[in-house]
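To start, the structure under review is shown below, and the notes come after it.
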Amino acid sequence: MSNLQKHPLSQKETREFLSKLKDIYGLNITAEKVEVGKEKRNVYYFIDGKLSFVEDGLIPTLCFLQEHEIKLPFVVVDEGAVKAVARGADLYAPGVLEVQGTLDTGKLLLVKAKQGQIIAVMRISEGAEEAMRNKKGKIASNVHYIGDDLWKMCRSR
């Protein structure tokens, strides 16, 4: 991260970026400045100096999610799952207490603790609905979680 080169998007690119966020997530946000940074094969998007999205798929960071409501399906998990997920583990059906929204394969899923805190962003696995029905099997793969490099990167500002 230390050698990350950031450059601001033009006004036109910023408008397109914010419009894309509205299309994907139903977000209506205004930004003074949107910057993009690239490192190796990662792409980082900073909104007003805060690391907000990563990759071309515009995956929201936990730092962004703490400040903005976003339209994504989510699950509430038990304490055991919170501990595992916060160490980078994938999500399995037994730890899930509640599901809001549909578990469409390949889509993003937010993982919340019982208190409502978002602890991870995951990608929904194939067969997630079936795994929930059978109360066993994998629901989603961990993409970004509290304590990972992205988290440290967005907390270090």
Side-chain angles (χ1 to χ4, degrees), residues 1-77 81-82 84-91 96 98-129 138-157:
M1 171 65 194
S2 51
N3 58 0
L4 183 69
Q5 298 292 309
K6 288 195 299 194
H7 69 270
L9 296 180
S10 70
Q11 284 183 322
K12 179 177 183 266
E13 289 168 325
T14 297
R15 275 196 309 275
E16 287 169 359
F17 176 78
L18 295 176
S19 163
K20 203 188 260 187
L21 292 184
K22 187 173 168 39
D23 292 348
I24 301 173
Y25 299 116
L27 279 173
N28 265 318
I29 56 174
T30 53
E32 294 291 311
K33 183 166 82 172
V34 177
E35 297 168 288
V36 64
K38 290 185 168 83
E39 182 187 59
K40 297 186 186 95
R41 60 184 190 281
N42 295 321
V43 184
Y44 304 99
Y45 294 93
F46 297 82
I47 297 176
D48 295 334
K50 179 166 287 201
L51 177 59
S52 301
F53 293 88
V54 293
E55 294 183 21
D56 294 332
L58 299 181
I59 296 168
T61 64
L62 293 168
C63 293
F64 181 83
L65 292 167
Q66 287 175 338
E67 294 175 15
H68 299 273
E69 278 290 311
I70 215 169
K71 285 193 199 117
L72 280 175
F74 70 86
V75 293
V76 177
V77 297
V82 166
V85 164
R87 286 196 301 266
D90 291 338
L91 183 65
V96 177
E98 178 192 340
V99 177
Q100 289 287 327
T102 56
L103 300 176
D104 299 328
T105 303
K107 296 272 194 256
L108 293 177
L109 177 72
L110 303 180
V111 179
K112 296 182 178 185
K114 278 195 254 192
Q115 302 78 14
Q117 180 193 21
I118 299 171
I119 57 163
V121 179
M122 297 203 167
R123 182 139 341 256
I124 300 170
S125 303
E126 202 167 327
E129 293 275 3
K138 187 166 160 176
I139 303 295
S141 302
N142 212 325
V143 174
H144 167 40
Y145 57 94
I146 281 188
D148 70 4
D149 290 343
L150 269 181
W151 171 255
K152 291 179 186 124
M153 204 165 133
C154 67
R155 299 299 285 180
S156 68
R157 304 254 128 213

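Values in this document were obtained by computation on a predicted structure and should not be read as measured data.
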Glu98 atom CD, neighbour heavy-atom count above 12 within 6.0 Å: yes

Nearest atoms (heavy-atom pairs only) where Ala140 meets Met122: CB-CB, 3.6 Å

Side-chain donor or acceptor of Gln100 paired with backbone N/O of Phe74 under 3.5 Å: no

Minimum heavy-atom distance Val43-Val36, with the two atoms named: CG1-CG2, 3.7 Å

Least distance between heavy atoms, Leu110 atom then Ile118 atom: CD1-CD1, 4.0 Å

Phe53 and Tyr25 aromatic ring geometry - parallel, tilted or perpendicular at 30°/60° bounds: parallel

Under the salt bridge (charged side-chain N to carboxylate O under 4.0 Å, His left out) test, residues paired with Lys40 that sit two or more places apart: none

Straight-line distance of Glu67 CD to Thr61 OG1, nearest 0.5 Å: 9.0 Å

Contact summary for Ser125 and Thr105, nearest pair of heavy atoms: O-OG1, 3.9 Å

CD on Glu129 to CD1 on Ile139, rounded to 0.5 Å: 8.5 Å

Rounded distance (nearest 0.5 Å) linking atom CG of Leu108 with atom CD1 of Ile124: 7.5 Å

Interatomic spacing from CG in Asp149 to CG in Asn42 - rounded to 0.5 Å: 10.0 Å

Enclosure of Gln66 CD (heavy-atom neighbours >12, cutoff 6.0 Å): yes

Parallel, tilted or perpendicular: rings of Phe46 and Tyr44 (30°, 60°): tilted

From CZ (Phe17) to NZ (Lys22), nearest 0.5 Å: 15.0 Å

Intermediate values then yes/no, side-chain contact (heavy atoms from CB on, under 4.5 Å), Asp148 and Asn142: CA-CA 11 Å; Asp148 70 4; Asn142 212 325; 5.8 Å; no

Derivation and outcome, side-chain contact (heavy atoms from CB on, under 4.5 Å), residues Ile29 and Phe64: CA-CA 12 Å; Ile29 56 174; Phe64 181 83; 4.0 Å; yes

Salt bridge Lys20-Glu16, side-chain N to carboxylate O under 4.0 Å: no

Side chain to side chain contact (heavy atoms under 4.5 Å, CB included) partner of Ile146, the single match among Leu62, Val82, Val111, Val85: Leu62

Residue pairs passing the disulfide (SG to SG under 2.5 Å) test where at least one lies in residues 44-77, sequence neighbours excluded: Cys63-Cys154

Donor-acceptor under 3.5 Å (Asp48 side chain, Lys33 main chain): yes

Which atom of Gly37 lies closest to which atom of Leu4, heavy atoms considered: C-CD1, 3.7 Å

Closest non-hydrogen atom pair between Ser141 and Asp90, with its separation: CA-OD1, 3.3 Å

OG on Ser52 to CG on Leu27, rounded to 0.5 Å: 10.0 Å

